[in-house]
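So the structure is just underneath, and the comments pick up after that.
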Amino acid sequence: MSTHQSDIDERTNLAGSNKFEMLMFRLGKDKTLGQSELFGINVFKIREIMAMPQITPVVGADPSSLGVLNLRGQVIPVFDLPAIVGCKPETGLNILLVTEYARTVQAFAVESVEDIARLDWTQVVPAESSGSVKSLVTSFARMKDEATGEQRLAQVLDVEAIVNMVTPEKERPSVAGKNIGAKVKMKGNSIVLAADDSFVARALIEQTLKELEAPFEIVKSGKEAWDRLNALADQAASEGGSVYEKVGMVLTDLEMPEMDGFTLTSQIKQSSRLSQLPVLIHSSLSGTTNEDLVQKVGANGYVSKFQPAELAYAIREALAKNPMMAE
(Lines give C-alpha, C1' and ligand atoms only; values in the text may rest on other atoms or scores of the structure.)
Protein backbone atom coordinates (compact mmCIF):
# COMPACT_ATOMS: atom_id res chain seq x y z
CA MET A 1 0.00 0.00 0.00
CA SER A 2 1.34 3.47 -0.86
CA THR A 3 2.28 5.94 1.87
CA HIS A 4 -0.35 8.36 0.52
CA GLN A 5 -3.10 5.72 0.78
CA SER A 6 -1.91 4.76 4.27
CA ASP A 7 -2.22 8.40 5.36
CA ILE A 8 -5.76 8.57 3.98
CA ASP A 9 -6.76 5.34 5.72
CA GLU A 10 -5.25 6.51 9.02
CA ARG A 11 -7.11 9.83 8.90
CA THR A 12 -10.33 8.03 7.99
CA ASN A 13 -9.96 5.83 11.07
CA LEU A 14 -9.29 8.91 13.20
CA ALA A 15 -12.56 10.49 12.07
CA GLY A 16 -14.44 7.37 13.08
CA SER A 17 -13.11 7.64 16.66
CA ASN A 18 -14.04 11.29 17.35
CA LYS A 19 -10.52 12.41 16.45
CA PHE A 20 -9.19 14.59 13.65
CA GLU A 21 -6.06 16.33 12.43
CA MET A 22 -5.82 20.10 12.32
CA LEU A 23 -3.39 22.14 10.25
CA MET A 24 -2.10 24.97 12.43
CA PHE A 25 -0.86 28.24 10.96
CA ARG A 26 -0.24 31.89 11.79
CA LEU A 27 -1.58 35.02 10.15
CA GLY A 28 0.49 37.69 11.89
CA LYS A 29 -0.31 40.08 14.72
CA ASP A 30 -3.92 40.94 15.55
CA LYS A 31 -4.93 44.61 15.54
CA THR A 32 -6.20 44.61 19.13
CA LEU A 33 -3.41 43.13 21.28
CA GLY A 34 -0.60 42.88 18.75
CA GLN A 35 -0.20 39.13 19.32
CA SER A 36 0.41 36.37 16.80
CA GLU A 37 -2.17 33.67 17.47
CA LEU A 38 -2.55 30.10 16.22
CA PHE A 39 -5.35 29.28 13.79
CA GLY A 40 -6.50 25.92 12.49
CA ILE A 41 -8.40 24.17 9.70
CA ASN A 42 -9.32 20.49 9.50
CA VAL A 43 -6.75 18.67 7.35
CA PHE A 44 -9.59 17.08 5.37
CA LYS A 45 -10.36 20.55 3.95
CA ILE A 46 -6.77 21.08 2.79
CA ARG A 47 -6.07 19.98 -0.74
CA GLU A 48 -2.54 21.35 -1.09
CA ILE A 49 0.07 23.50 0.71
CA MET A 50 2.63 25.44 -1.29
CA ALA A 51 5.08 28.31 -1.17
CA MET A 52 3.44 31.52 -2.33
CA PRO A 53 3.27 31.32 -6.16
CA GLN A 54 2.74 34.04 -8.75
CA ILE A 55 -0.80 35.41 -8.44
CA THR A 56 -2.68 37.22 -11.21
CA PRO A 57 -4.53 40.27 -9.79
CA VAL A 58 -8.14 40.76 -10.92
CA VAL A 59 -9.34 44.28 -11.73
CA GLY A 60 -12.19 45.46 -9.49
CA ALA A 61 -11.95 42.49 -7.13
CA ASP A 62 -12.91 42.58 -3.47
CA PRO A 63 -10.18 44.01 -1.15
CA SER A 64 -9.71 40.58 0.42
CA SER A 65 -8.96 39.06 -2.99
CA LEU A 66 -5.36 38.70 -4.12
CA GLY A 67 -6.41 37.52 -7.57
CA VAL A 68 -6.42 34.10 -9.21
CA LEU A 69 -4.00 31.22 -9.56
CA ASN A 70 -3.65 28.88 -12.53
CA LEU A 71 -3.06 25.60 -10.70
CA ARG A 72 -2.38 22.81 -13.18
CA GLY A 73 -5.00 24.12 -15.58
CA GLN A 74 -7.60 25.05 -12.94
CA VAL A 75 -8.10 28.76 -12.27
CA ILE A 76 -8.93 29.29 -8.59
CA PRO A 77 -9.51 32.44 -6.50
CA VAL A 78 -6.88 33.43 -3.93
CA PHE A 79 -7.76 35.35 -0.76
CA ASP A 80 -5.77 37.28 1.83
CA LEU A 81 -6.73 35.40 5.02
CA PRO A 82 -4.93 37.76 7.44
CA ALA A 83 -6.87 40.70 5.98
CA ILE A 84 -10.14 38.82 6.34
CA VAL A 85 -9.65 38.06 10.05
CA GLY A 86 -7.93 41.35 10.91
CA CYS A 87 -4.26 40.40 11.25
CA LYS A 88 -1.06 41.91 9.85
CA PRO A 89 1.71 39.50 8.75
CA GLU A 90 5.17 40.38 10.03
CA THR A 91 7.08 38.49 7.34
CA GLY A 92 4.54 38.67 4.51
CA LEU A 93 2.21 36.20 2.84
CA ASN A 94 4.50 33.23 2.42
CA ILE A 95 2.31 30.12 2.21
CA LEU A 96 -0.78 29.25 0.18
CA LEU A 97 -3.40 26.83 1.50
CA VAL A 98 -5.50 25.35 -1.31
CA THR A 99 -8.81 24.20 0.17
CA GLU A 100 -11.74 22.17 -1.07
CA TYR A 101 -15.07 23.08 0.39
CA ALA A 102 -18.59 22.07 -0.66
CA ARG A 103 -17.51 21.22 -4.22
CA THR A 104 -15.51 24.44 -4.61
CA VAL A 105 -11.76 25.03 -4.61
CA GLN A 106 -10.17 28.23 -3.34
CA ALA A 107 -6.83 29.26 -1.84
CA PHE A 108 -5.94 31.30 1.24
CA ALA A 109 -2.63 33.09 1.73
CA VAL A 110 -1.16 32.84 5.26
CA GLU A 111 2.05 33.95 6.94
CA SER A 112 3.36 30.56 8.09
CA VAL A 113 2.36 26.95 8.71
CA GLU A 114 3.27 25.60 12.14
CA ASP A 115 2.29 21.95 12.44
CA ILE A 116 -0.39 19.30 12.08
CA ALA A 117 -1.95 18.47 15.44
CA ARG A 118 -3.84 15.26 16.14
CA LEU A 119 -6.76 16.06 18.43
CA ASP A 120 -9.86 14.59 19.98
CA TRP A 121 -13.03 16.59 19.38
CA THR A 122 -13.50 16.67 23.17
CA GLN A 123 -10.49 19.02 23.23
CA VAL A 124 -12.44 21.47 21.10
CA VAL A 125 -14.93 23.82 22.75
CA PRO A 126 -17.53 26.07 21.05
CA ALA A 127 -16.57 29.70 20.54
CA GLU A 128 -19.83 31.13 21.89
CA SER A 129 -17.96 32.65 24.82
CA SER A 130 -16.07 34.89 22.37
CA GLY A 131 -19.06 37.22 22.47
CA SER A 132 -19.95 37.16 18.77
CA VAL A 133 -22.73 35.00 17.43
CA LYS A 134 -21.41 35.55 13.92
CA SER A 135 -17.72 35.05 14.66
CA LEU A 136 -15.39 33.71 11.98
CA VAL A 137 -14.20 31.21 14.61
CA THR A 138 -16.37 28.18 15.35
CA SER A 139 -14.38 26.85 18.28
CA PHE A 140 -11.15 26.76 20.27
CA ALA A 141 -8.82 23.76 20.35
CA ARG A 142 -7.04 23.23 23.68
CA MET A 143 -3.53 21.88 23.28
CA LYS A 144 -0.43 21.38 25.38
CA ASP A 145 2.78 23.01 24.21
CA GLU A 146 5.33 20.16 24.25
CA ALA A 147 8.24 22.59 24.67
CA THR A 148 6.90 24.58 27.64
CA GLY A 149 4.21 22.27 29.02
CA GLU A 150 1.78 25.19 28.98
CA GLN A 151 -1.77 25.05 27.64
CA ARG A 152 -2.42 26.96 24.44
CA LEU A 153 -5.46 27.66 22.32
CA ALA A 154 -5.85 27.51 18.55
CA GLN A 155 -8.78 29.22 16.91
CA VAL A 156 -10.65 26.89 14.53
CA LEU A 157 -11.81 28.99 11.60
CA ASP A 158 -15.35 28.82 10.24
CA VAL A 159 -14.53 28.11 6.61
CA GLU A 160 -18.23 28.23 5.69
CA ALA A 161 -18.51 31.78 7.02
CA ILE A 162 -15.25 32.93 5.43
CA VAL A 163 -16.08 31.55 1.99
CA ASN A 164 -19.56 33.05 2.26
CA MET A 165 -18.01 36.42 3.14
CA VAL A 166 -15.64 36.54 0.17
CA THR A 167 -18.16 35.18 -2.35
CA PRO A 168 -20.00 37.85 -4.39
CA GLU A 169 -23.49 38.34 -2.97
CA LYS A 170 -25.25 37.13 -6.11
CA GLU A 171 -23.27 33.87 -5.96
CA ARG A 172 -23.81 33.12 -2.26
CA PRO A 173 -25.91 30.06 -1.40
CA SER A 174 -29.53 30.94 -0.77
CA VAL A 175 -32.83 29.12 -0.54
CA ALA A 176 -34.65 32.01 -2.19
CA GLY A 177 -35.73 31.14 -5.70
CA LYS A 178 -34.63 27.51 -5.37
CA ASN A 179 -36.92 24.68 -6.40
CA ILE A 180 -37.31 23.07 -2.98
CA GLY A 181 -40.17 20.84 -4.08
CA ALA A 182 -43.03 19.35 -2.08
CA LYS A 183 -43.55 20.20 1.59
CA VAL A 184 -42.96 17.43 4.11
CA LYS A 185 -45.64 15.93 6.30
CA MET A 186 -44.42 15.22 9.81
CA LYS A 187 -46.52 12.99 12.05
CA GLY A 188 -47.62 14.12 15.50
CA ASN A 189 -45.20 16.47 17.23
CA SER A 190 -42.05 15.11 15.59
CA ILE A 191 -39.19 17.39 14.58
CA VAL A 192 -36.07 17.42 12.45
CA LEU A 193 -33.10 17.70 14.82
CA ALA A 194 -30.19 19.46 13.10
CA ALA A 195 -26.62 19.97 14.36
CA ASP A 196 -24.04 22.38 12.89
CA ASP A 197 -21.43 24.66 14.47
CA SER A 198 -21.36 27.22 11.63
CA PHE A 199 -23.83 30.11 11.86
CA VAL A 200 -23.92 30.34 8.05
CA ALA A 201 -24.83 26.66 7.75
CA ARG A 202 -27.45 26.92 10.50
CA ALA A 203 -29.09 29.87 8.76
CA LEU A 204 -29.35 28.00 5.44
CA ILE A 205 -30.61 24.83 7.13
CA GLU A 206 -33.27 26.87 8.92
CA GLN A 207 -34.39 28.50 5.66
CA THR A 208 -34.66 25.12 3.93
CA LEU A 209 -36.63 23.50 6.77
CA LYS A 210 -39.00 26.47 6.92
CA GLU A 211 -39.59 26.19 3.17
CA LEU A 212 -40.39 22.51 3.68
CA GLU A 213 -42.70 23.44 6.59
CA ALA A 214 -40.87 20.94 8.79
CA PRO A 215 -40.79 21.61 12.57
CA PHE A 216 -37.17 21.63 13.73
CA GLU A 217 -34.61 22.28 16.42
CA ILE A 218 -31.01 23.26 15.63
CA VAL A 219 -28.09 22.71 18.00
CA LYS A 220 -24.40 23.60 17.66
CA SER A 221 -22.58 20.31 18.32
CA GLY A 222 -22.88 16.55 18.13
CA LYS A 223 -22.88 16.35 21.93
CA GLU A 224 -25.81 18.75 22.16
CA ALA A 225 -27.68 16.66 19.59
CA TRP A 226 -26.90 13.43 21.47
CA ASP A 227 -28.06 14.88 24.79
CA ARG A 228 -31.25 16.24 23.21
CA LEU A 229 -32.02 12.91 21.54
CA ASN A 230 -31.71 11.07 24.82
CA ALA A 231 -33.88 13.63 26.59
CA LEU A 232 -36.58 13.19 23.94
CA ALA A 233 -36.26 9.40 24.15
CA ASP A 234 -36.71 9.58 27.94
CA GLN A 235 -39.74 11.83 27.51
CA ALA A 236 -41.28 9.49 24.95
CA ALA A 237 -40.72 6.48 27.23
CA SER A 238 -42.37 8.26 30.18
CA GLU A 239 -45.39 8.91 27.97
CA GLY A 240 -45.53 5.27 26.85
CA GLY A 241 -44.46 6.14 23.32
CA SER A 242 -41.46 5.95 21.01
CA VAL A 243 -38.67 8.43 20.28
CA TYR A 244 -39.57 8.02 16.60
CA GLU A 245 -42.76 9.96 17.37
CA LYS A 246 -40.65 12.83 18.74
CA VAL A 247 -37.86 12.96 16.13
CA GLY A 248 -38.40 12.38 12.43
CA MET A 249 -34.71 12.42 11.55
CA VAL A 250 -31.30 13.84 12.45
CA LEU A 251 -29.44 16.18 10.10
CA THR A 252 -25.80 16.56 11.12
CA ASP A 253 -22.58 18.24 10.08
CA LEU A 254 -19.34 16.25 10.41
CA GLU A 255 -16.95 18.78 11.97
CA MET A 256 -18.24 19.91 15.36
CA PRO A 257 -16.73 20.62 18.78
CA GLU A 258 -17.05 18.03 21.59
CA MET A 259 -18.52 15.31 19.35
CA ASP A 260 -18.27 15.07 15.57
CA GLY A 261 -20.97 13.88 13.19
CA PHE A 262 -19.31 10.51 12.61
CA THR A 263 -19.40 9.72 16.32
CA LEU A 264 -22.95 11.05 16.73
CA THR A 265 -24.18 8.88 13.87
CA SER A 266 -22.36 5.81 15.15
CA GLN A 267 -23.80 6.21 18.66
CA ILE A 268 -27.32 6.66 17.28
CA LYS A 269 -27.05 3.53 15.17
CA GLN A 270 -25.62 1.50 18.07
CA SER A 271 -28.33 2.61 20.52
CA SER A 272 -31.11 0.09 21.08
CA ARG A 273 -33.74 2.82 21.29
CA LEU A 274 -32.45 5.11 18.52
CA SER A 275 -31.01 2.74 15.92
CA GLN A 276 -33.87 3.11 13.42
CA LEU A 277 -33.70 6.90 13.48
CA PRO A 278 -32.71 8.20 10.02
CA VAL A 279 -29.46 10.21 9.98
CA LEU A 280 -28.52 12.48 7.09
CA ILE A 281 -24.96 13.85 6.88
CA HIS A 282 -24.75 17.45 5.60
CA SER A 283 -21.12 18.43 5.16
CA SER A 284 -18.64 20.60 3.28
CA LEU A 285 -16.11 17.76 3.53
CA SER A 286 -16.37 16.28 0.06
CA GLY A 287 -14.64 13.35 -1.59
CA THR A 288 -15.08 9.59 -1.70
CA THR A 289 -13.08 9.02 1.52
CA ASN A 290 -15.62 10.89 3.64
CA GLU A 291 -18.60 9.47 1.77
CA ASP A 292 -17.30 5.92 2.33
CA LEU A 293 -16.95 6.61 6.05
CA VAL A 294 -20.49 8.01 6.15
CA GLN A 295 -21.71 4.61 4.94
CA LYS A 296 -19.42 2.80 7.39
CA VAL A 297 -20.98 4.51 10.44
CA GLY A 298 -24.48 3.73 9.19
CA ALA A 299 -25.80 7.09 8.00
CA ASN A 300 -28.86 6.97 5.76
CA GLY A 301 -27.58 9.56 3.32
CA TYR A 302 -25.01 12.23 2.49
CA VAL A 303 -25.54 15.64 0.91
CA SER A 304 -22.92 18.28 0.22
CA LYS A 305 -23.24 21.85 1.50
CA PHE A 306 -24.80 24.10 0.23
CA GLN A 307 -27.26 22.70 -2.27
CA PRO A 308 -30.79 23.59 -1.04
CA ALA A 309 -32.71 21.56 -3.63
CA GLU A 310 -30.52 18.47 -3.04
CA LEU A 311 -30.83 18.94 0.73
CA ALA A 312 -34.64 19.18 0.52
CA TYR A 313 -34.79 16.00 -1.56
CA ALA A 314 -32.47 14.15 0.83
CA ILE A 315 -34.55 15.26 3.84
CA ARG A 316 -37.73 13.86 2.27
CA GLU A 317 -35.93 10.60 1.49
CA ALA A 318 -34.57 10.32 5.05
CA LEU A 319 -37.91 11.08 6.71
CA ALA A 320 -39.51 8.26 4.73
CA LYS A 321 -37.20 5.83 6.56
CA ASN A 322 -38.55 6.74 10.01
CA PRO A 323 -40.68 3.78 11.25
CA MET A 324 -43.49 6.11 12.30
CA MET A 325 -43.45 8.19 9.10
CA ALA A 326 -43.69 5.07 7.00
CA GLU A 327 -46.93 3.97 8.60
Side-chain angles (χ1 to χ4, degrees), residues 173 175 178-199 201-254 256 259-284 291 294-327:
V175 177
K178 300 292 183 182
N179 181 20
I180 300 302
K183 312 298 183 184
V184 300
K185 294 181 180 180
M186 307 282 284
K187 290 194 175 183
N189 297 317
S190 63
I191 61 166
V192 172
L193 181 62
D196 203 298
D197 64 338
S198 168
F199 76 87
R202 291 196 300 271
L204 288 168
I205 290 169
E206 181 175 346
Q207 291 172 28
T208 303
L209 291 171
K210 283 183 176 178
E211 284 293 319
L212 289 172
E213 297 182 359
F216 64 88
E217 289 184 23
I218 302 180
V219 297
K220 300 180 181 68
S221 75
K223 184 178 184 302
E224 283 187 68
W226 177 248
D227 291 344
R228 183 61 177 141
L229 280 175
N230 281 285
L232 289 168
D234 291 341
Q235 182 183 345
S238 69
E239 296 170 356
S242 163
V243 68
Y244 306 115
E245 299 170 300
K246 298 286 186 182
V247 184
M249 62 166 287
V250 173
L251 175 67
T252 180
D253 186 20
L254 290 180
M256 293 181 289
M259 180 189 292
D260 68 6
F262 291 124
T263 304
L264 172 63
T265 303
S266 181
Q267 291 191 179
I268 290 172
K269 294 304 181 179
Q270 292 174 20
S271 168
S272 59
R273 61 180 183 174
L274 301 172
S275 61
Q276 295 184 67
L277 192 63
V279 179
L280 176 63
I281 302 292
H282 182 230
S283 176
S284 61
E291 293 183 26
V294 164
Q295 293 182 353
K296 180 180 177 181
V297 297
N300 298 92
Y302 173 95
V303 62
S304 176
K305 294 178 180 177
F306 290 102
Q307 313 293 329
E310 292 181 23
L311 176 58
Y313 176 83
I315 287 172
R316 284 191 290 270
E317 291 287 300
L319 283 170
K321 295 180 172 67
N322 184 303
M324 296 300 173
M325 302 294 168
E327 290 181 351

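All values derive from a computational prediction rather than experimental measurement.
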Inset, instruction - Please list all pairs passing the side chain to side chain donor-acceptor pair (under 3.5 Å) test where one or both residues lie in residues 233-242, with sequence neighbours left out. - result: Asp234-Arg273, Gln235-Glu239, Glu239-Lys246
Legend entry - Leu209 vs Ile315, side chain to side chain contact (heavy atoms under 4.5 Å, CB included): CA-CA, chis, key distance, verdict: CA-CA 9 Å; Leu209 291 171; Ile315 287 172; 3.7 Å; yes
Inset, instruction - Hey, could you give me the CG/CD distance between Leu204 and Gln307, rounded to the nearest 0.5 Å? - result: 11.0 Å
Inset, instruction - Mind running side chain to side chain contact (heavy atoms under 4.5 Å, CB included) on Ile281 and Thr252 for me, showing each step along the way? - result: CA-CA 5 Å; Ile281 302 292; Thr252 180; 3.6 Å; yes
Inset, instruction - Please name the pair of heavy atoms, one in Gln276 and one in Tyr244, separated by the smallest distance, quoted to 0.1 Å. - result: N-OH, 3.0 Å
Inset, instruction - Check whether more than 12 heavy atoms from other residues, nucleotides or ligands sit under 6.0 Å from atom CZ of Phe216, and answer yes or no. - result: yes
Inset, instruction - Rounded to the nearest 0.5 Å, what's the gap from CG on Asp253 to CD1 on Ile205? Could you check? - result: 7.5 Å
Inset, instruction - Sort and list the pairs that fulfil salt bridge (Lys or Arg N to Asp or Glu O under 4.0 Å) and have at least one residue in residues 309-320, not counting sequence neighbours. - result: Arg103-Glu310
Inset, instruction - Decide yes or no on side chain to side chain contact (heavy atoms under 4.5 Å, CB included) for Val247 and Arg228, but give the supporting numbers first. - result: CA-CA 10 Å; Val247 184; Arg228 183 61 177 141; over 6 Å; no
Inset, instruction - Taking side chain to side chain contact (heavy atoms under 4.5 Å, CB included) as the test, write out the residues that go with Lys185, two or more places apart. - result: none
Inset, instruction - Using salt bridge (charged side-chain N to carboxylate O under 4.0 Å, His left out) as the criterion, list what pairs up with Glu213, not counting sequence neighbours. - result: none
Legend entry - Listed partners of Lys210 passing salt bridge (charged side-chain N to carboxylate O under 4.0 Å, His left out), at least two apart: Glu206
Legend entry - Shortest non-hydrogen separation from Lys321 to Pro278 and the atoms involved: C-CG, 3.8 Å
Inset, instruction - Before giving the answer on side chain to side chain contact (heavy atoms under 4.5 Å, CB included), spell out for Lys269 and Asn300 the whole-Å C-alpha distance, their side-chain angles and the decisive distance to 0.1 Å. - result: CA-CA 10 Å; Lys269 294 304 181 179; Asn300 298 92; 2.9 Å; yes
Inset, instruction - Check side chain to side chain donor-acceptor pair (under 3.5 Å) between Glu211 and all other residues, then give those that pass, not counting sequence neighbours. - result: none
